[in-house]
Amino acid sequence: MGSYKDGKVMDQIRDFINMEGYGGYVWPSYLVTAGLMIILLVITRRFLKANMATLEALENTAKEDVE
Amino acid sequence: MLHRFANPTRFLRIASIAQPWIAWATILLAGTGLYLGLFNSPADYQQGESVRIMYVHVPAAWMAMFCYTSMAIAAGIGLIWKHPLADIAAKATAPVGACFTFLALFTGSLWGKPMWGTWWVWDARLTSMLVLLFLYLGYIALINAFDDPARGTKSSSILVLVGLINVPIIKFSVDWWNTLHQPASVLRMDGPSIDESMLWPLLLMALAFKTYYIWVLLVRIRAEIISNKIRILRLRQVHG
């Protein structure tokens with residue numbers, strides 16, 4: 001009985017991934033969209049962090065020069 | 001009102017408070033939109049399951065045009081009132097807009113193949129979207145092409161304002177010319193023509209893409225303000 005249910009669940013998952021044969025078009029759309037948006041966010045945050053570190057280093061150097 | 005937020009120091013303070021809220025709003029909206037779009041909305045009676053591409057394609061295309069219009073407004077304010085934060089906002093919008101335009105073209109191509117039988121056609125809607133991508137890339141190249149940032153900003157702002165003519169061309173291309181692309185089904189004078197079960201996930205995804213844009217914009221503007229401070233400090237070190 002359990003294996004029959006497991007088989008049904010597997011069929012449902014397979015159907016969901018297959019998307020009536022359009023899976024090869026639907027999933028790349030979602031994956032590339034999510035991937036590119038995450039990459040852009042990560043790059044932007046890294047840019048901010050790098051600038052914050054550079055600014056801090058420059059301000060410390062400026063303080064040392066004054067002292 | 002605008003001047004209150006246009007002060008860079010005040011902006012940095014407000015941005016750091018708003019950022020986590022915007023981030024959570026993006027995650028929640030995208031999560032709900034994806035759940036409704038993938039699990040809780042029907043397949044289209046003509047397009048079948050391929051219609052689910054709509055939930056990423058349409059918001060990306062809307063944002064591509066929204067970002068360009070925002071960029072043009074910011075560039076115009078920067079040109080006329082010489083406000084540095086407006087120029088920074090325009091510069092910070094460009095990569096996000098270019099990303100959305102690419103996604104609209106890419107997902108559109110993936111939707112076009114099973115529905116139209118081709119990845120690409122040189123019709124008005126698709127070609128004008130490709131022109132939009134080149135306008136974004138041209139802006140990014142031009143603003144970084146000058147040793148003097150002020151000259152780069154001025155030239156690129158003019159380019160953005162000239163290119164603004166492309167936005168209504170994109171929007172009305174499906175009405176003005178014969179095209180394979182379907183006409184508007186949400187932003188219509190007589191109201192949306194799609195069923196509520198598809199409209200909700202679409203609107204939630206569109207809101208998620210908009211809050212994502214604000215999220216990236218806040219981070220990028222903070223980075224650009226710090227970048228300007230770095231440039232000024234380095235100039236001071238060289239000259240003094």
Side-chain angles (χ1 to χ4, degrees), chain A, chain B residues 19 23 26 30 34 37-39 43 47-57 59-60 92 95-96 98-100 102-104 106-115 119 205 208-209 212-213 215-234 236-237 240:
Chain A
M1 191 67 188
S3 64
Y4 169 71
K5 269 188 181 169
D6 288 348
K8 250 188 135 178
V9 171
M10 284 309 290
D11 282 348
Q12 281 176 342
I13 293 171
R14 203 172 298 125
D15 285 349
F16 180 65
I17 292 169
N18 189 39
M19 290 262 166
E20 287 177 358
Y22 294 118
Y25 302 103
V26 174
W27 296 118
S29 300
Y30 279 82
L31 290 176
V32 172
T33 302
L36 202 58
M37 286 170 79
I38 290 166
I39 288 169
L40 182 66
L41 185 65
V42 169
I43 289 173
T44 313
R45 286 175 68 97
R46 275 193 190 163
F47 179 51
L48 172 66
K49 293 233 168 90
N51 279 355
M52 284 166 94
T54 312
L55 181 68
E56 205 183 326
L58 276 172
E59 281 174 342
N60 286 340
T61 318
K63 266 184 206 163
E64 281 168 17
D65 287 348
V66 170
E67 283 164 10
Chain B
Q19 208 176 295
T26 307
L34 280 173
L38 288 172
F39 299 100
Q47 304 188 43
E49 297 284 350
S50 79
V51 78
R52 298 194 198 280
I53 296 174
M54 173 178 75
Y55 303 122
V56 285
H57 171 74
V96 197
C99 173
F100 281 131
F102 170 79
L103 288 174
F106 181 79
T107 55
S109 186
L110 282 167
W111 201 2
K113 182 62 181 167
M115 290 302 109
W119 300 102
M205 288 299 281
F209 277 35
Y212 168 85
Y213 160 62
W215 183 7
V216 176
L217 187 71
L218 290 180
V219 178
R220 188 86 195 190
I221 289 177
R222 284 172 69 193
E224 292 289 347
I225 290 173
I226 294 170
S227 185
N228 284 351
K229 279 187 189 168
I230 292 169
R231 200 167 42 80
I232 292 164
L233 272 176
R234 281 195 174 136
R236 265 192 211 153
Q237 277 179 350

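Labels below follow one simple rule: chain letters A, B, ... track the order of the sequence lines, proteins then strands, and each chain is numbered from 1.
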May I have a table of the donor-acceptor pairs connecting chain A and chain B at distances under 3.5 Å?
unit_1	atom_1	unit_2	atom_2	d
E20(A)	OE1	E49(B)	N	3.4
Y30(A)	OH	R52(B)	O	2.6
M37(A)	O	Y212(B)	OH	2.5
N51(A)	ND2	A223(B)	O	2.9

Completion exercise
CD1 (I225(B)) and CG (L55(A)) are apart, to the nearest 0.5 Å, by 12.0 Å
Problem - Selection from L34(B), V216(B), V56(B) maximising heavy-atom pairs under 4.5 Å formed with chain A - result: V56(B)
Exercise for the section: Determine the minimum heavy-atom distance between P28(A) and L110(B), stating which atoms define it. Expected result: CB-CD1, 3.8 Å
Handout entry: Minimal non-hydrogen separation, V96(B) against L40(A), with atom names
Key = CA-CD2, 3.8 Å
Problem - Per-residue contact mode, I230(B) against chain A (heavy atom under 4.5 angstrom) - result: both
Handout entry: Per-residue contact mode, M115(B) against chain A (heavy atom under 4.5 angstrom)
Key = side chain
